[in-house]
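See structure below.
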Amino acid sequence: MGKSAIRSAFPYFVGLAIAAVLYFYTGQIEYTPRAGALGPDFWPRLAIGLMTAACLFEIGRIFLGLKTEAHGVSDAIEKDVEEEPAQTYPALLIGGVVLVTVYAIVVDTLGFLLSTFLFLSAFMYLGRYRKHMMVWGVSAIITLLAALIFMRFAYVSLPRGAPPFDAFTDFIRIMLGG
């Protein structure tokens, strides 16, 4: 266990400290418990627990000296070939930031479901994916799965949207049985 192991594990120790602080703050959430219902602290604490487990796993991997490198034919070939600099696409990065910003602004007006569907489609097109049926199909499936997870399992109240967009949210809720 040398300085390099401690240096490699440092970000994960910081992650553990952040997890501890976040866990403490989730204990400060005030609510009235209801029988048979999850409290508002359940999902954040679950996420914090997963974050803690991931940090502990990485710390253990580093201190036990376990490598995550893959060894194979492609590695041997790559060593013989000079590396080319990776291409960067700053315009796509800026476009992605703009899309996320626009999504955050319009989600209350269009509603979670419609804005998420449009955001996912636009993001895939921005990323230069041009199989239109896949773009629209994957966007619809992910949006419906997110709606199921948030509305049926996590019991999260999603933005419905302002009229006339709230009718779309109501239609999807009826389709999902609720």
Side-chain angles (χ1 to χ4, degrees), residues 10-12 14-31 34 37-55 57-58 68 83-178:
F10 181 74
Y12 302 107
V14 171
L16 284 176
I18 291 170
V21 169
L22 291 174
Y23 190 84
F24 170 77
Y25 279 113
T26 59
Q28 306 301 314
I29 297 173
E30 294 180 17
Y31 67 98
R34 294 186 321 199
L38 300 174
D41 61 340
F42 176 79
W43 294 107
R45 284 190 169 188
L46 179 67
I48 293 166
L50 292 173
M51 177 179 163
T52 302
C55 288
F57 174 80
E58 288 299 322
T68 58
E83 288 189 32
E84 297 177 15
Q87 286 185 315
T88 59
Y89 302 95
L92 293 180
L93 174 64
I94 292 168
V97 170
V98 168
L99 270 176
V100 170
T101 304
V102 168
Y103 174 78
I105 292 169
V106 302
V107 73
D108 286 329
T109 304
L110 297 181
F112 174 82
L113 298 175
L114 183 58
S115 60
T116 300
F117 175 75
L118 294 173
F119 167 76
L120 290 171
S121 300
F123 202 81
M124 284 187 254
Y125 281 123
L126 178 69
R128 300 180 179 176
Y129 196 78
R130 297 293 184 257
K131 294 184 179 180
H132 305 294
M133 293 301 288
M134 286 294 285
V135 167
W136 296 102
V138 167
S139 296
I141 290 169
I142 290 174
T143 301
L144 290 174
L145 285 174
L148 268 174
I149 290 169
F150 289 131
M151 293 179 355
R152 294 287 167 237
F153 301 116
Y155 301 110
V156 174
S157 178
L158 301 174
R160 290 183 61 230
F165 303 110
D166 61 342
F168 178 78
T169 301
D170 293 340
F171 173 73
I172 298 299
R173 276 194 181 143
I174 291 169
M175 295 280 295
L176 294 175

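Numbering starts at 1 and runs along the sequence shown. Because only heavy atoms are used, hydrogens play no part in the values below, and waters and symmetry mates are left out as well, while side chains stay in.
- Here the rule is side chain to side chain contact (heavy atoms under 4.5 Å, CB included) with Cys55, and of Leu50, Leu16, Ile18 only Leu16 fits it.
- Judged as a side-chain hydrogen bond (donor to acceptor under 3.5 Å, both in side chains), and not counting sequence neighbours, the contacts of Asp170 are Arg160.
- Atom CD1 of Ile141 is separated from atom CE of Met134 by 8.0 Å, given to the nearest 0.5 angstrom.
- How far CD1 of Ile142 is from CG of Leu120: 5.5 Å, rounded to the nearest 0.5 Å.
- Residue Phe171 places its CZ atom among 12 or fewer non-hydrogen atoms of other residues, nucleotides or ligands, all under 6.0 Å distant.
- Residue pairs satisfying the salt bridge (charged side-chain N to carboxylate O under 4.0 Å, His left out) criterion with at least one member in residues 139-148, sequence neighbours excluded, are absent.
- Every residue two or more places apart in sequence or in another chain that forms a side chain to side chain contact (heavy atoms under 4.5 Å, CB included) with Pro44 is listed here: Thr26.
- The side-chain hydrogen bond (donor to acceptor under 3.5 Å, both in side chains) pairs that include a residue from residues 132-150 are Ser121-Ser139, Tyr125-His132, Tyr125-Trp136, where partners are two or more places apart or lie in different chains.
- Atom CZ of Arg130 is surrounded by more than 12 heavy atoms from other residues, nucleotides or ligands within 6.0 Å.
- A search for salt bridge (charged side-chain N to carboxylate O under 4.0 Å, His left out) contacts involving Asp108 returns nothing, not counting sequence neighbours.
- In terms of heavy-atom proximity, Val107 sits nearest to Ser115 at CG2-OG, 3.3 Å.
- Summarising the geometry, atom CH2 belonging to Trp43 is positioned 8.5 Å from atom CD1 belonging to Ile149; distances are rounded to the nearest 0.5 Å.
- Atom CZ of Phe168 has more than 12 heavy atoms from other residues, nucleotides or ligands within 6.0 Å.
- With sequence neighbours left out, Phe165 forms a side chain to side chain contact (heavy atoms under 4.5 Å, CB included) with Thr109, Leu110, Leu114.
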Donor-acceptor contacts, no H, no angles, side chain residues 89-106, under 3.5 Å, sequence neighbours left out:
residue	atom	partner	partner atom	Å
Tyr89	OH	Gln87	OE1	2.7
Thr101	OG1	Val97	O	2.8
Tyr103	OH	Thr116	OG1	2.7

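- Taking Tyr31 as the reference, Ile29, Pro33, Pro40, Asp41 meet the side chain to side chain contact (heavy atoms under 4.5 Å, CB included) condition, with sequence neighbours excluded.
- Leu144 meets the side chain to side chain contact (heavy atoms under 4.5 Å, CB included) test with Ile172; sequence neighbours excluded.
- The CZ atom of Phe119 sits 9.5 Å away from atom CE of Met124, with the distance rounded to the nearest 0.5 Å.
- Residues that satisfy the ring-ring contact (aromatic ring centres under 6.0 Å, His included) test with Phe112, not counting sequence neighbours, are Phe150.
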